[in-house]
There are 2 protein chains.
Amino acid sequence: MTDQKPATAAVLIIGNEILSGRTQDVNLNYIAKGLAGIGVRLREARVVADVEKEVVDAVNACRAAYDYVFTTGGIGPTHDDITSPCVAKAFGVALHRHPEAVAAMEKAYQPGQLNAARLRMAEVPVGAELIKTSVTAAPGFRMGNVFVMAGVPSIMRAMFDAVKHSLRAGPPVLSRSIATHLPEGTIAADFAALQEAYSAVDMGSYPFFRQGKFGTSLVLRATDEPLLAKAVEDLRAMISRLGGDAVEEPVP
Amino acid sequence: MTDQKPATAAVLIIGNEILSGRTQDVNLNYIAKGLAGIGVRLREARVVADVEKEVVDAVNACRAAYDYVFTTGGIGPTHDDITSPCVAKAFGVALHRHPEAVAAMEKAYQPGQLNAARLRMAEVPVGAELIKTSVTAAPGFRMGNVFVMAGVPSIMRAMFDAVKHSLRAGPPVLSRSIATHLPEGTIAADFAALQEAYSAVDMGSYPFFRQGKFGTSLVLRATDEPLLAKAVEDLRAMISRLGGDAVEEPVP
């Protein structure tokens, strides 16, 4: 017997810098695309401040609700990096200095450079497994169904790529996007009827303004390739019936 | 007597396109910067799927916890636009067709073009006030402490700018950022002590890689300008004591 239900996930972006507007998050989009590619459903994301109670509550809410939780940010050496102790608290376990992480960091730093602040980056909740990458000696970690990753995008990507293979993959979610210069309001009724006819295809409508012209991207997503192809065919027929143009465009 | 406590806020980004990875959100950053500028504290953001129960629950959780909630997305004419009925449901009121919205849309469309789908954009919860802009006839709305805005960035910005003046402003949060080529781990202990000494200044540390060199941006945020200036002076002295360079950089 195989579990046919797709795995679900949430992302927790931890950091005042996103909420203050200093930093534009780009990690969520990378994780979202990566999960779609392996058939894991990203159902929710939250941005939380560097405040213990808020991080602990968000970790506990999300790890109970979803199969996987991915956190980004807050695992560096400075006082505003509180993710690791918060995850330990959420799981009700202690933090400990992971010997393997210490060994890797001892190798990476010059003698005398591995100070107390840097050693904090070797501290993980008891029971956690390290997420190791070639881009930094300071690891991320997996604790239960929670994957704790760095906030710096290049490091986050390496950590996510390192754990992706370990997730319960399902059929990838395939996307096709048809652009038309018909406005959304002209398409809406027929498009809703098409969605009714294809309950296994998720259909979204996104207005755009390109090269001086308004238009609409109609995005269809499904795991069943032939069904998706049939829905796209029906969508093209619908657009043509409404007197519009239809051009397939790459899904970013 | 004036209420000295700064107002708090949350942002709800509503839309499958963010969670699927199709779209990179840029609205949160705009709202975050706008709120910081008028002294409203953005405490949380959530990205939720186009699923009624999830939107209703998120609206209710956030409107109870914060002074203001800003939603983006899901107020267009297509079947995946469910924000307005969800907000009505969250408040336990009916949706109605707002006469002023209908009138504005009648003016904007050619005769015969204002079909049922487009008229959905004139439906708001009973008791809601319209958020009108010059960029589109279809309005956003305010219901209680919840501001419902479009997802298209240009429209969202116009709507946010239209309501910003109505929020309870406080002293703006001022930010200063000092860049140094000292690594985070070298600064961490002294920087934590500086944070201890200035409880009214929020201090964050963000590593960077620029022009082939690693470094750290140290960001100090406070509403009290002289206090902030003094903390920056102490930060510069600290960096110099540690043998580092210090260059003030614009805060994005």
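Letters go in sequence order (proteins before strands), and every chain restarts at 1.
Within the 4.5 Å cutoff, the side chain of B:Tyr206 has heavy atoms near those of the A:Asp80 side chain. A:Val219 is not listed as a side-chain neighbour of B:Glu17, based on a closest heavy-atom distance of 4.5 Å or more. Residues A:Glu54 and B:Arg43 are in side-chain contact: their nearest non-hydrogen atoms beyond the backbone lie under 4.5 Å apart. Within the 4.5 Å cutoff, no side-chain heavy atoms of A:Thr78 are placed close to those of B:Ile187. You'll find the side chain of A:Leu42 stays beyond 4.5 Å of the side chain of B:Ser20, heavy atoms only.
Contacts between B:Ala36 and chain A at a heavy-atom distance below 4.5 Å involve the side chain alone, from C-beta outward. Using a 4.5 Å cut-off between heavy atoms, A:Val51 does not touch chain B at all. With a 4.5 Å cut-off on non-hydrogen atoms, A:Arg221 touches chain B through its side chain but not through its backbone. Heavy atoms of B:Leu28 lying under 4.5 Å from chain A belong exclusively to its side chain. In this structure, the portions of A:Met203 lying under 4.5 Å from any heavy atom of chain B include both its backbone and its side chain.
Here B:Arg118 is the residue among B:Gln113, B:Glu196, B:Arg118 with the most heavy-atom pairs under 4.5 Å with chain A. Taking A:Val47, A:Asn115, A:Asp50 one by one and counting their heavy-atom pairs under 4.5 Å with chain B, the maximum is reached by A:Val47. For the set A:Leu119, A:Thr186, A:Val173, the count of heavy-atom pairs under 4.5 angstrom toward chain B peaks at A:Thr186. Among A:Ala45, A:Pro77, A:Ala10, the residue with the largest count of heavy-atom pairs under 4.5 Å with chain B is A:Ala45. Taking B:Ala188, B:Ser205, B:Ala117 one by one and counting their heavy-atom pairs under 4.5 Å with chain A, the maximum is reached by B:Ser205.
Checked against side-chain contact (heavy atoms from CB on, under 4.5 Å), A:Asp234 has the following partners two or more places apart in sequence or in another chain: A:Leu194, A:Tyr198, A:Lys230.
Contact detail for B:His79 and A:Ala192: the closest heavy-atom pair is CD2-CA, 3.7 Å. Contact detail for B:Leu19 and A:Ala32: the closest heavy-atom pair is O-CB, 3.4 Å.
For the atom pair CD (A:Glu44) and CD1 (B:Ile18), the distance works out to 14.5 Å, reported to the nearest 0.5 Å. Atom CG of A:Asn29 and atom CZ of B:Arg22 lie 11.0 Å apart (nearest 0.5 Å).
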